[in-house]
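To start, the structure itself, in C-alpha cells.
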Amino acid sequence: QNHSLILTGHSLGGALASLAAAQTVKIGRCSVSQVKLYTFGQPRVGTYQFSKNFDDLGIESYRIVHGSDAVPALPPCKKNKKIPANVNGARACLAQLDENYHHGTEIWYPHNMTGGSVFIECLGSPKNEDFSCSNSLNFTMENNEYHLWDHRRYFDVSLSNFGKSGCINLTRRDPPEKSKWFKVIDILWDFFD
C-alpha cells in the first residue's frame, strides 16, 4: 500500500490496464494519488457512463495515440449528427450514457513519434473524445495498411518484433506509402497548424 503503481499497455493491454487502474482505486488497494495510467493505441473500454465514473475517480490517465492508428476509434462511438462532418468526413462522438466512449486524456502524435515529434494534449470538445485530435480522422480501407502501421509502431518501436526479440528494438523500416487523400490531409494539417 505504500508504493505507487504505474499501469500501462498497448491495444487490448491498454484496455485491461484501464480496468485494472479503475478497480485498484475503486476497491481501495491504492489511493488515487498512487496510481497513474499510460496506454498506447487503446480501444474504447466502456460507455460514456463508464468514462464519467472513471474520470470521477481522479486517476492520472493518458491515452497515447500514434497518427492514424485506427484501434482507438474502436468500437465506434455514436456520431453527433447535430455537428457537421469535418473536411475528412468524420463526425464528433455523441456523449450518451450507454454509448461507446473514451476516458482520460488523449495525447495525439499526428505525424510521427520520433524524438522531438509534435504531440497534442487533447482537452477540447467533446471531453475525452476531442474532435480536433485523432477523432478528426476518417478511417478507410484504402489506407488500412497505414492505419495498421501506426498501431504497431509507437515511439519508433515495432511492438510485435520488440516483444518477440526479448524487448530489443531490432527492426527499422519505412512506413507504407500514403494514399493521395491522406497526403492531402497532411498538407492541410500543416497549412492550418
Side-chain angles (χ1 to χ4, degrees), residues 6-19 21-22 36-48 50-51 54-55 59-79 86-95 99-141 143-160 162-163 175-176 178-179 181-182 185-186 188-190 192-193:
I6 298 173
L7 294 115
T8 188
H10 171 257
S11 198
L12 178 58
L16 293 173
S18 296
L19 295 171
K36 291 181 177 60
L37 174 67
Y38 301 93
T39 66
F40 304 88
Q42 170 196 318
R44 290 183 177 97
V45 175
T47 63
Y48 176 77
F50 173 81
S51 168
F54 184 98
D55 290 346
I59 298 168
E60 186 177 327
S61 172
Y62 299 99
R63 294 180 294 102
I64 295 108
V65 179
H66 177 204
S68 69
D69 181 350
V71 171
L74 298 173
C77 63
K78 185 171 186 177
K79 302 303 180 181
N86 65 12
V87 296
N88 302 327
R91 290 190 176 272
C93 290
L94 183 62
E99 295 297 332
N100 302 323
Y101 209 81
H102 271 302
H103 63 78
T105 302
E106 177 183 353
I107 304 295
W108 186 39
Y109 286 79
H111 301 294
N112 60 54
M113 296 185 90
T114 56
S117 293
V118 172
F119 67 89
I120 301 165
E121 185 176 8
C122 305
L123 301 173
S125 176
K127 184 178 189 238
N128 300 343
E129 294 280 3
D130 187 338
F131 193 44
S132 64
C133 286
S134 68
N135 276 341
S136 67
L137 302 176
N138 195 9
F139 300 97
T140 64
M141 288 307 290
N143 287 303
N144 188 39
E145 186 178 350
Y146 195 73
H147 302 315
L148 287 172
W149 171 270
D150 283 358
H151 182 66
R152 292 176 177 161
R153 291 189 76 84
Y154 273 75
F155 295 107
D156 208 26
V157 173
S158 172
L159 297 172
S160 294
F162 185 70
K178 293 181 183 180
S179 71
W181 176 245
F182 230 92
I185 291 169
D186 276 348
L188 287 172
W189 177 267
D190 290 337
F192 290 109
D193 191 25

Between [X] and [Y], which heavy-atom pair has the shortest distance, and what is it?
| X | Y | value |
| --- | --- | --- |
| L123 | D130 | N-OD2, 3.3 Å |
| Y109 | V118 | CD2-O, 3.6 Å |
| L37 | H103 | CD2-CE1, 3.9 Å |
| P75 | N100 | CB-ND2, 3.5 Å |

Hey, does [Y] have a side-chain heavy atom less than 4.5 Å from the side chain of [X]?
| X | Y | value |
| --- | --- | --- |
| Y62 | K36 | no |
| F54 | N128 | no |
| C122 | I120 | yes |

[X]: partners by side chain to side chain contact (heavy atoms under 4.5 Å, CB included), with sequence neighbours left out:
| X | result |
| --- | --- |
| A95 | Y48, Y101 |
| S134 | V65, E106, W108 |
| N86 | N88, A90, F131, S136 |

* Please name all residues satisfying side chain to side chain donor-acceptor pair (under 3.5 Å) with Y154, sequence neighbours left out, ordered by chain then number. => D69
* **Flag for S117-N112: side-chain donor and acceptor within less than 3.5 Å** =>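 Yes - a donor-acceptor pair under 3.5 Å links their side chains.
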* **Ion pair R153/D150, N-O distance below 4.0 Å** =>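 A salt bridge is absent here (no side-chain N lies under 4.0 Å from a carboxylate O).
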* **Short N-O contact, R44 and E99, less than 4.0 angstrom** =>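 So R44 does not pair with E99 through a salt bridge.
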* Kindly say whether P72 contributes a backbone atom to a donor-acceptor pair with the side chain of H102 at under 3.5 angstrom? => yes
Output the distance between atom [atom1] ([X]) and atom [atom2] ([Y]), rounded to the nearest 0.5 Å.
| X | Y | atom1 | atom2 | result |
| --- | --- | --- | --- | --- |
| E129 | N135 | CD | CG | 4.5 Å |
| H147 | H66 | NE2 | NE2 | 12.5 Å |
| C93 | K79 | SG | NZ | 4.5 Å |
| N138 | S68 | CG | OG | 11.5 Å |

* **R91 CZ: over 12 foreign heavy atoms closer than 6.0 Å** => yes
* Residues which pass salt bridge (Lys or Arg N to Asp or Glu O under 4.0 Å) with R63, listed by chain and number, not counting sequence neighbours -> none
Show me, pair by pair, the donor-acceptor contacts under 3.5 angstrom made by side chains of residues 8-16, not counting sequence neighbours?
{"unit_1": "T8", "atom_1": "OG1", "unit_2": "Y38", "atom_2": "O", "d": "2.7"}
{"unit_1": "H10", "atom_1": "NE2", "unit_2": "H151", "atom_2": "O", "d": "2.7"}
{"unit_1": "S11", "atom_1": "OG", "unit_2": "H151", "atom_2": "NE2", "d": "3.0"}

